[in-house]
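Reading through the structure tokens given below for one structure.
Below, chain A is the first sequence line, B the second, and so on; all start at residue 1.
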There are 2 protein chains.
Amino acid sequence: MIRTHKKEQYALRAMLELAKKSGKGPTKISDIAAAQAIPIRFLEVILSQLKASGFVDSKRGFYGGYYLLRPPDQITVGDVLRFMQGDEDPAHRVSCMSKKECPFNCDCAFVPMWTKLNKAVFKIYDETSFQDLLNIERRRH
Amino acid sequence: MIRTHKKEQYALRAMLELAKKSGKGPTKISDIAAAQAIPIRFLEVILSQLKASGFVDSKRGFYGGYYLLRPPDQITVGDVLRFMQGDEDPAHRVSCMSKKECPFNCDCAFVPMWTKLNKAVFKIYDETSFQDLLNIERRRH
DNA sequence: CCATTCTTGACTAAATAGGTCAACAAATAT
DNA sequence: ATATTTGTTGACCTATTTAGTCAAGAATGG
């Protein structure tokens with residue numbers, strides 16, 4: 001099993017929700033949480049972090065909430081995941097273990113496979129914009 | 001970050017070690033553990049589980065140990081990982097979360113992306129046989 | 001000034017990965 | 001035989017990480 005963290009999932013879903021409302025003013029955390037079935041307190045933390053990415057911004061007060069800073073076709077899943085994953089060595093985003101803890105110093109027969117995997121995975125992430133996701137959702141209804 | 005479990009890593013490494021010794025009789029758990037830097041008690045458990053896969057078998061006693069039941073070019077990384085991952089729904093080996101816990105019952109805009117990812121990842125796993133890994137290792141020396 | 005909403009860091013809970021152990025069973029050596 | 005080596009198995013432990021909560025405070029708009 002390979003599974004992304006819930007936190008990353010929630011970040012993607014929150015972004016999708018904001019993409020839906022793109023251009024319609026701020027969306028409240030509580031609305032995003034309800035729409036995407038995300039624990040609200042946790043979402044507060046996640047959105048707050050996401051602000052540093054430059055993809056979203058927020059406004060306080062009565063008509064406050066979060067909103068996208070770019071159109072949905074200019075943000076990809078890869079962008080968001082890379083940000084959520086921090087400054088991890090790009091070559092190790094998908095791998096056996098972090099370079100430090102590898103007893104073979106990441107010089108083993110499996111390395112080429114992990115490299116391939118890394119590229120294949122992020123190629124797909126990078127090819128998926130939030131506009132693409134919106135289109136998929138629309139086609140479903 | 002997407003990272004395979006240590007247990008799966010250890011299984012792959014143990015198999016690689018057995019591939020190296022393929023045709024040379026049984027290899028002791030302790031030797032595999034030493035060669036591949038795997039905690040021996042943990043490796044006992046892993047190899048024991050691997051027997052059920054049909055890729056390896058074991059022999060007890062003085063000249064005992066583990067050995068492959070097929071030549072290294074007839075076992076792939078995909079084979080081993082699929083086995084270690086159990087009877088997980090194939091479509092969810094790489095995904096956001098298990099079908100049960102998905103609040104949208106796995107019917108959301110992200111599904112096509114996870115499906116693509118799943119296929120891409122296992123394509124690479126399935127294309128990598130232990131003979132391939134041995135060849136890589138030989139080329140390195 | 002009041003209601004609403006985001007902000008932030010500290011905190012806690014729960015899950016699971018990762019690892020350990022010990023008593024036992026089988027094979028071989030002598 | 002029997003001592004030694006080696007695999008078998010299920011129960012057990014625990015450190016880490018993920019996941020989630022909270023509360024006091026700071027903007028914002030009415």
Is the shortest side-chain N to carboxylate O distance from A:D126 to A:R82 below 4.0 Å?
yes

One thing to verify: whether B:E17 and B:R13 come together as a salt bridge, which I'm taking to mean a side-chain N less than 4.0 angstrom from a carboxylate O.
no

Give a yes-or-no answer on whether the side chains of A:T76 and A:D79 include a donor-acceptor pair shorter than 3.5 Å.
yes

Candidates [options] - which lies nearest the side chain of [X]:
X     : options                : result
B:R41 : C:dT20, D:dT21, C:dT4  : C:dT20
B:K51 : C:dT20, C:dT7, D:dT8   : D:dT8
A:K28 : D:dT8, C:dT5, C:dT20   : C:dT5
A:R60 : C:dC21, D:dT28, D:dA19 : D:dT28
B:P39 : C:dT7, D:dG7, C:dG19   : C:dG19
A:E44 : C:dT8, C:dG19, C:dT28  : C:dT8
A:I29 : C:dG9, D:dG29, C:dC6   : C:dC6

May I ask you to say what A:Y63 touches in the nucleic acid, namely base, sugar-phosphate or nothing, with a heavy-atom cut-off under 4.0 Å?
sugar-phosphate

Rounded to whole angstroms, how far apart are [atom1] on [X] and [atom2] on [N]?
X     : N      : atom1 : atom2 : value
B:H5  : C:dG19 : NE2   : P     : 13 Å
A:I40 : D:dA23 : CD1   : P     : 15 Å
A:M84 : D:dT17 : CE    : P     : 17 Å
B:I32 : D:dG7  : CD1   : C1'   : 11 Å
B:L18 : D:dG7  : CG    : P     : 11 Å
B:E8  : C:dA17 : CD    : C1'   : 11 Å
B:I46 : C:dG19 : CD1   : C1'   : 10 Å

Would you indicate whether A:K51, at its atom NZ, is surrounded by more than 12 heavy atoms from other residues, nucleotides or ligands within a distance under 6.0 Å?
yes

Roughly how far, to the nearest 0.5 Å, is the NZ atom of B:K116 from the OG1 atom of A:T128?
5.0 Å

Which sits closer to the 5' end of DNA chain D, A:L43 or A:F62, going by the nucleotide each is nearest to?
A:L43

D:dA27 phosphate, OP1 or OP2: any side-chain N/O from A:K59 under 4.0 angstrom?
no

